[in-house]
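Hydrogens, waters and symmetry mates are skipped; everything else that's a heavy atom, side chains included, is used.
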Amino acid sequence: MKLISCSNSRLSFTVVLLLLHLSSIFGTNALKQSDSALTVVESTDNNEEEEVTMDDEEEEEEGDLEVIQPTEEWQTLKPGVAVPAGSHVRLNLQTGQREVKLGEEQLKYWTQEHRDQEENPSFSPEELKQAMKKLKEDLKAGSKDSEQQESVASKFRPLEELKEDMAKLELLVETDVQIMKRLLEQFNSSNSTTEQRLSILHELEYLVHQVDNAQTLCSMGGLQLVLHGLNSSDFRLQESSAFVLGSALSSNPAVQVKAVESGALQTLLTTLVTAEPLHVKKKVLFAVASLLRHFPYAQRHFLSHGGLQVLSELFRADRGGVLRTRIVTMLYDMISEKELISQAGLDSVLDASHEERVRQYSQVSLQGELLEKGWCGLVPQLLESTEHDYREKALRALLAMSPVCLDQYRLDSFLLGSLLSLRDQYQEMIKSEMILGEENGYFVEIVELIDALQVKIK
C-alpha cells in the first residue's frame, strides 16, 4: 500500500491515514504473501523482452517492506522489494532481471506535478511524531484565532443597529444637484458674507470637476453667478470665481458653448487687463485656456476681440516668467491642435462632424496673427529664464511657430546666440548625467529641440 500527500494543506488528513495504515501493519502477526498472477506477453520493444503484469502488490511476511517507487521508465526490481498495485513488471530476457514501471492508470494520476510534491512517499516514526505535534499546534492556533475573532467582533456594533440609529437621527443625504442648489441660494442671499461666498465657491469648484455637475450648474444659473464674481472688486472673489469657471470649462464642450454665449470671453479678457494681483491673473489665464482648448469658434472670437494683444501686454509686463510660460504654453497648444486636425483631415473616410471641425479651424488665422502681433520676437525672450521647464516650452513654441517666423529667427541675433549657448550648457549637463549612469534624460530631449530648431533656421 502507498500513501500520498497531495499538498501541505492536507497534512492532517494524511497523518490520520498513516496511523490507520500502521495500526493495520503492527496488528497483524504475519503477512500472507499474495498469489501473484504473472502473465507473459510479447514485447513490442526492439530488444527481446517479456512484459509481466502484477495484479497485486508483493508483500513480505514480517517487518516493514521496502517499496520501490516506479517511474515512466523501466527500472531494475531487486529481490524482496515490493511494488505498488497496478505497476507493470516484466522479465528482461537479456539480463535475466525483473523490471518495473508505472502502469497506465498510475500514469494518469502520477503527473510531473505529483512527482515534484511527493519525492519521499514513506514516513519515518520521527516524521509521524512531528506531524502529530504540528496537528496539535494547528488545532490550538485555530482555537486562538476563533477566540480573537470573537473578541474583535465584540468591540463593534452590528450593522443593523447602526442603520436603526441613523434612521432615528433622520440624517439627510443630499445629491450633488441638491447641494449645488443650496449653495447657489446661500451665495445669492443678502445675508451671506464674503467669507461664506468664498467657501461656497470652493465647494462648487470641487463639484464642477464632474462633467454632469458643471452642466447642471449652468442650467441653474450658476454661470452668471461666477461671471458676476469676476467683476467683483474683491480680488479674492475674482480668483475663486475664475477657478470655478476654469474647472467647469475643462474638457466640457457644452459648458464652453454656454460660456461663449454668455459673454465669458470678454469678461475674462477684461479681468486680465484690470486685475492687479499675480495669483488672480494666473487663475484667469487658466479659465481662458480652458475656454479656448479644442474650441475653434472661441479661438476665432478670441483673436477678433484682441486676445493676442492682451496676452502680449501681460508677457512684456511679467518678469518672473510664470505668466510668460502659461501664455506660451497656451499658444503652443492652439497651434498644435490645429495642425493635428488639419493632418487628420487628409483622411477621406472621416465623418461629417470632423470635416466641420476642419472647416472651423481653417477660419482661425492664428499663425498670421502671431507674426503680425510680434510674437516671433517675444517668445525667444523666455529662453532667458533659468528654469529648464520654461526653456523647454519656449523651444517647443518656437518650433511650432517656425513656418511663419523663420525669416525673423534668422535675423534675431539674441535667439541665435541663445541657442548656441544653451546647447553647450546642456551638453555639459548630459555628460554629468552619463557619469551618474543616466542616459536619454531630460536634458537630451532639450538638446534635441535645440538641434531641430537650428536645422530649420539654417
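- Counting only heavy atoms from C-beta outward, the side chains of Gln186 and Gln196 never approach each other to under 4.5 Å.
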Original post:
Can you check side-chain contact (heavy atoms from CB on, under 4.5 Å) on Leu420 and Ile450, steps first, answer last?
Top reply: CA-CA 9 Å; Leu420 292 174; Ile450 295 173; over 6 Å; no
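- The number of heavy-atom neighbours closer than 6.0 Å to NZ of Lys373, taken from other residues, nucleotides and ligands shown, is above 12.
- Electrostatic pairing of Glu239 and Lys281 does not count as a salt bridge here, judged by no charged N lying under 4.0 Å from a carboxylate O.
- To the nearest 0.5 Å, atoms CZ (Arg326) and CG (Leu285) are separated by 7.5 Å.
- Put simply, the side chain of Gln178 gets close to the backbone of Thr175: a donor and an acceptor are under 3.5 Å apart.
- Of the inter-residue distances, the one linking Thr71 atom OG1 with Lys101 atom NZ reads 9.5 Å to the nearest 0.5 angstrom.
- Under a cut-off of 6.0 angstrom, the local environment of OH in Tyr206 is sparse, with at most 12 non-hydrogen atoms contributed by other residues, nucleotides or ligands.
- For the pair Gln238 and Ser232, the tightest heavy-atom approach, listed with the atom from each and the gap, is NE2-O, 3.0 Å.
- Neither side chain, Tyr361 nor Arg300, offers a donor N or O lying under 3.5 Å from an acceptor on the other.
- The two residues Leu323 and Asp318 come nearest to each other via the heavy atoms N-OD2, 3.2 Å.
- If you check the side chains of Glu372 and Gln367, you find no donor sitting under 3.5 Å from an acceptor.
- Note that CD of Gln224 and CG of Leu217 are 11.0 Å apart. Values are rounded to the nearest 0.5 Å.
- Counting heavy atoms from C-beta on, the side chains of Leu395 and Leu399 never come closer than 4.5 Å.
- With salt bridges taken as basic N to acidic carboxylate O contacts below 4.0 Å, none links Glu384 and Arg319.
- A donor-acceptor pair under 3.5 Å links the side-chain atoms of Arg324 to the main chain of Phe315, judged by distance alone.
- Counting non-hydrogen atoms of neighbouring residues, nucleotides and ligands closer than 6.0 angstrom, the NE2 atom of His228 reaches no more than 12 such neighbours.
- The pair Asp234-Arg197 does not meet the salt-bridge criterion, since no charged nitrogen lies less than 4.0 angstrom from a carboxylate oxygen.
- Between the side chain of Gln408 and the backbone N or O of Cys376 there is no donor-acceptor pair closer than 3.5 Å.
- In this structure, Lys258 and Cys218 approach most closely via the heavy-atom pair CD-CB, 3.8 Å.
- The CG atom of Leu383 sits 12.0 Å away from the CD atom of Glu392 when rounded to the nearest 0.5 Å.
- Screening Leu291, Leu268, Val284 for a side chain to side chain contact (heavy atoms under 4.5 Å, CB included) with Leu245, the sole residue that qualifies is Leu268.
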Subject >> Intermediate values then yes/no, side-chain contact (heavy atoms from CB on, under 4.5 Å), Glu337 and Arg293 >> reply: CA-CA 8 Å; Glu337 68 183 50; Arg293 187 173 293 114; 4.1 Å; yes
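- The shortest distance between side-chain heavy atoms of Tyr332 and Thr329 does not fall below 4.5 Å.
- Taking the six-membered ring where the residue is Trp, the centroids of His202 and Phe243 are separated by 6.0 Å or more.
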Subject >> Worked check of side-chain contact (heavy atoms from CB on, under 4.5 Å) between Asp333 and Leu292 >> reply: CA-CA 10 Å; Asp333 290 341; Leu292 301 183; over 6 Å; no
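- Minimum interatomic distance between Ala214 and Val208 (heavy atoms only, all atoms of both residues): CB-O, 3.6 Å.
- Glu205 and Ser247 share a donor-acceptor pair across their side chains, judged by distance under 3.5 Å alone.
- Using a distance-only test at 3.5 Å, with no hydrogens or angles considered, a donor-acceptor pair links the side chain of Ser385 to the main chain of Glu387.
- Checked by atom type and distance alone, the side chain of Ser312 pairs as donor or acceptor with a backbone atom of Gln309 at under 3.5 Å.
- Side-chain contact of Gln210 with Asp176: a donor-acceptor pair under 3.5 Å is absent, judged by distance alone.
- Not one N or O on the side chain of Ser199 forms a donor-acceptor pair closer than 3.5 Å with the backbone of Glu195.
- Looking at Ser250 and Phe286, their side chains come closer than 4.5 Å, going by heavy atoms from C-beta outward.
- The backbone N or O of Val364 sits less than 3.5 Å from a side-chain atom of Lys338, completing a donor-acceptor pair.
- In this structure, Arg359 does not pair ionically with Glu355, as no charged nitrogen and carboxylate oxygen lie closer than 4.0 Å.
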**OP:** Could you go through the side chain to side chain donor-acceptor pair (under 3.5 Å) check for Glu261 and Gln256 one step at a time?
**Re:** CA-CA 9 Å; Glu261 293 174 348; Gln256 287 177 306; over 6 Å; no
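- Around NZ of Lys181, the count of heavy atoms belonging to other residues, nucleotides or ligands within 6.0 Å does not exceed 12.
- Under a 3.5 Å cut-off, the side chain of Asn188 and the backbone N or O of Leu184 do form a donor-acceptor pair.
- Looking at Gln75, its side chain never comes within 3.5 Å of a backbone N or O of Val100 through a donor-acceptor pair.
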Original post:
Given Leu249 and Phe295, is the side-chain contact (heavy atoms from CB on, under 4.5 Å) satisfied, shown in steps?
Top reply: CA-CA 11 Å; Leu249 290 168; Phe295 194 9; over 6 Å; no
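- With rounding to the nearest 0.5 Å, the separation of OH in Tyr426 from OG in Ser432 is 13.0 Å.
- Leu382 places none of its side-chain heavy atoms less than 4.5 Å from the side chain of Arg391.
- Atom-to-atom distance recorded for Leu415:CG and Gln381:CD is 11.0 Å, nearest 0.5 angstrom.
- What you find for Leu331 and Leu366 is that their closest heavy atoms are O-CD2, 4.3 Å.
- Summarising the geometry of Leu398 relative to Tyr409, their closest heavy-atom pair is O-OH, 3.0 Å, with the distance given to 0.1 Å.
- Gln454 places a side-chain heavy atom less than 4.5 Å from the side chain of Arg423.
- You'll find the side chain of Leu370 reaches within 4.5 Å of the side chain of Ile335, heavy atoms only.
- Judged by distance alone, with hydrogens and angles left aside, the side-chain atoms of Ser421 form no donor-acceptor pair with the main-chain N or O of Gly417 at under 3.5 Å.
- Classification of the His388-Phe443 ring pair by plane angle, with boundaries at 30° and 60°, yields perpendicular.
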Original post:
So Tyr297 and His301, ring-ring contact (aromatic ring centres under 6.0 Å, His included) or not? Walk me through it.
Top reply: CA-CA 7 Å; Tyr297 179 79; His301 279 267; 4.5 Å; yes
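- Using a 4.5 Å heavy-atom cutoff, the side chains of Leu371 and Trp375 are not in contact.
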